[in-house]
Amino acid sequence: MQSAKNPDNQESPMIPIITAFERSPDRGQGLARDMRVRWALEEVGQPYEVRLVSFKAMKEPAHLSLHPFGQIPTYEEGDLALFESGAIVFHIAENHAGLLPDDANGRACAIAWMFAALNTVEPPIFDRSLARILEHNEPWYEQRLRVLEDSIRKRLGGLSDRLGDADWLDGAFSAGDLLMVTVLRRLNGSGMLEEYPNLAAYVARGEARPAYKRAFDAQLAVFTAASTG
């Protein structure tokens with residue numbers, strides 16, 4: 001991919017390209033992981049382009065060369081190609097102001113929350129979503145769901161205690177909050193988030209950010225177009 005040139009023959013910044021589902025299984029609810037990347041780019045004011053991929057194309061060599069596990073999103077910027085939404089958000093945050101604190105300690109804490117969102121809070125929440133889709137007819141389903149929901153509540157309890165009455169997890173809004181909000185949104189409709197009013201309010205604050213709304217609308221527009229096309 002070649003960089004664009006401006007009239008003064010100076011190189012313009014690369015416009016990153018991300019991949020997203022051609023037909024998202026989340027039905028436009030903003031749960032697909034390209035939402036995280038879209039939101040991060042909107043927060044820092046970075047224009048971007050989207051290449052839509054089908055489930056078939058995701059398993060073909062061209063896409064596998066970008067994402068070895070055949071998933072989305074991917075991120076291309078010049079010679080750089082990244083996969084994994086957390087790594088992409090981290091790259092964006094490191095290269096643009098607004099998603100990581102300037103001081104070293106604050107930066108380290110924000111990065112810790114990024115890891116916490118993806119490594120501690122997300123796994124049982126995502127497993128619950130999969131179990132409800134894939135295992136609901138199995139004899140062990142109810143027990144499996146109880147185990148997962150107990151695990152989720154332990155994590156939500158710790159998170160709720162830590163957040164307290166603060167707006168964000170550690171000072172100003174950061175990439176840690178961005179990822180945590182996207183993870184917690186997967187509990188919408190479960191009733192579990194409402195058991196922790198400060199977490200429900202925390203998610204609502206994230207969803208109220210203008211950058212979030214722009215990213216959500218952009219992802220929803222893809223689903224709407226695919227549904228009516």
Side-chain angles (χ1 to χ4, degrees), residues 1-4 12-96 99 114 117-119 122-123 125-137 175 178-179 181-186 188-189 207 211-229:
M1 174 178 171
Q2 305 226 345
S3 61
S12 299
M14 290 284 186
I15 302 297
I17 302 170
I18 69 171
T19 50
F21 288 120
E22 184 178 80
R23 290 182 177 271
S24 179
D26 75 350
R27 302 185 63 81
Q29 298 179 61
L31 300 179
R33 289 185 172 93
D34 65 288
M35 177 66 190
R36 301 167 177 178
V37 178
R38 292 174 185 270
W39 186 5
L41 290 166
E42 293 287 355
E43 284 285 350
V44 302
Q46 170 61 57
Y48 62 98
E49 297 177 2
V50 180
R51 182 169 65 251
L52 302 178
V53 292
S54 65
F55 286 103
K56 179 176 182 294
M58 287 165 60
K59 306 306 178 185
E60 293 177 349
H63 188 75
L64 290 173
S65 70
L66 298 172
H67 198 309
F69 307 114
Q71 299 173 327
I72 61 99
T74 61
Y75 176 99
E76 297 168 80
E77 185 179 11
D79 295 331
L80 175 66
L82 293 175
F83 62 98
E84 291 296 327
S85 61
I88 297 168
V89 169
F90 183 45
H91 171 75
I92 295 166
E94 279 207 306
N95 287 277
H96 300 272
L99 286 176
M114 295 178 70
L118 302 183
N119 291 353
E122 182 171 45
I125 292 176
F126 187 71
D127 285 349
R128 177 185 179 274
S129 297
L130 284 184
R132 285 169 56 83
I133 296 169
L134 302 177
E135 301 176 37
H136 64 279
N137 290 325
L178 185 152
L179 290 178
V181 168
T182 63
V183 166
L184 294 178
R185 286 192 70 251
R186 195 171 286 276
N188 284 348
E207 293 173 331
Y212 173 89
K213 292 179 179 180
R214 291 193 297 271
F216 184 91
D217 289 346
Q219 194 187 61
L220 177 59
V222 173
F223 174 77
T224 302
S227 300
T228 58

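These numbers were taken from a predicted model, which means no experiment stands behind them. The basis for the numbers below is simple: all heavy atoms, side chains too, and nothing from hydrogens, waters or symmetry mates.
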### Message
Suppose we screen for side-chain contact (heavy atoms from CB on, under 4.5 Å). Which residues come up paired with S129, at least two apart in sequence or across chains?
### Response
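For S129, the residues satisfying side-chain contact (heavy atoms from CB on, under 4.5 Å) (neighbours in sequence not counted) are R186.
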### Query
Considering residues at least two apart in sequence or located in another chain, which fulfil the side-chain contact (heavy atoms from CB on, under 4.5 Å) criterion with E207?
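E207 satisfies side-chain contact (heavy atoms from CB on, under 4.5 Å) with R185, N188, V203, Y212 once adjacent residues are dropped.
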Please round to the nearest 0.5 Å and tell me the distance separating atom [atom1] of [X] and atom [atom2] of [Y].
{"X": "T182", "Y": "M35", "atom1": "OG1", "atom2": "CE", "answer": "8.5 Å"}
{"X": "L220", "Y": "D26", "atom1": "CG", "atom2": "CG", "answer": "9.0 Å"}
{"X": "F90", "Y": "E94", "atom1": "CZ", "atom2": "CD", "answer": "3.5 Å"}
{"X": "M114", "Y": "L178", "atom1": "CE", "atom2": "CG", "answer": "8.0 Å"}
{"X": "I17", "Y": "L66", "atom1": "CD1", "atom2": "CG", "answer": "10.0 Å"}
{"X": "S24", "Y": "R33", "atom1": "OG", "atom2": "CZ", "answer": "11.5 Å"}

[X] versus [Y], closest heavy-atom pair with distance:
{"X": "K56", "Y": "E60", "result": "NZ-OE2, 2.6 Å"}
{"X": "G86", "Y": "L118", "result": "CA-CD1, 3.6 Å"}
{"X": "V89", "Y": "A175", "result": "CG1-CB, 4.1 Å"}
{"X": "P16", "Y": "L41", "result": "CG-CD2, 4.3 Å"}
{"X": "L99", "Y": "A93", "result": "CB-CB, 3.7 Å"}
{"X": "G78", "Y": "M14", "result": "CA-CE, 3.8 Å"}

### Message
Less than 4.5 Å apart, side chain to side chain, heavy atoms only: is that true for F21 and F55?
### Response
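Heavy-atom side-chain distance check passes, below 4.5 Å.
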### 4.5 Å side-chain heavy-atom contact, V44 and I92
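Yes, their side chains come closer than 4.5 Å.
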### Query
Aromatic rings H67 and F69: how do their planes relate, parallel, tilted or perpendicular, breaks at 30° and 60°?
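Answer is perpendicular, since the angle exceeds 60°.
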### Task
Describe, in one word, how the ring planes of Y75 and H91 are oriented to each other, choosing from parallel (under 30°), tilted (30 to 60°) and perpendicular (over 60°).
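Perpendicular.
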#### Entry: Pair Q46-Y48, side-chain donor/acceptor within less than 3.5 Å
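There is no such pair between these side chains.
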#### Entry: Sidechain-backbone polar pair: E122 side chain, V183 backbone, donor-acceptor under 3.5 Å
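Not a single qualifying donor-acceptor pair exists.
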### Query
Partners of R51 by salt bridge (charged side-chain N to carboxylate O under 4.0 Å, His left out), sequence neighbours excluded?
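Per chain and number, R51 pairs via salt bridge (charged side-chain N to carboxylate O under 4.0 Å, His left out) with E76.
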### Message
Please determine whether a side-chain nitrogen of the Lys or Arg among R38 and E42 lies less than 4.0 Å from a carboxylate oxygen of the Asp or Glu.
### Response
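Answer for the salt bridge query: no.
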### Query
Can you check side chain to side chain contact (heavy atoms under 4.5 Å, CB included) on T19 and D34, steps first, answer last?
CA-CA 7 Å; T19 50; D34 65 288; over 6 Å; no
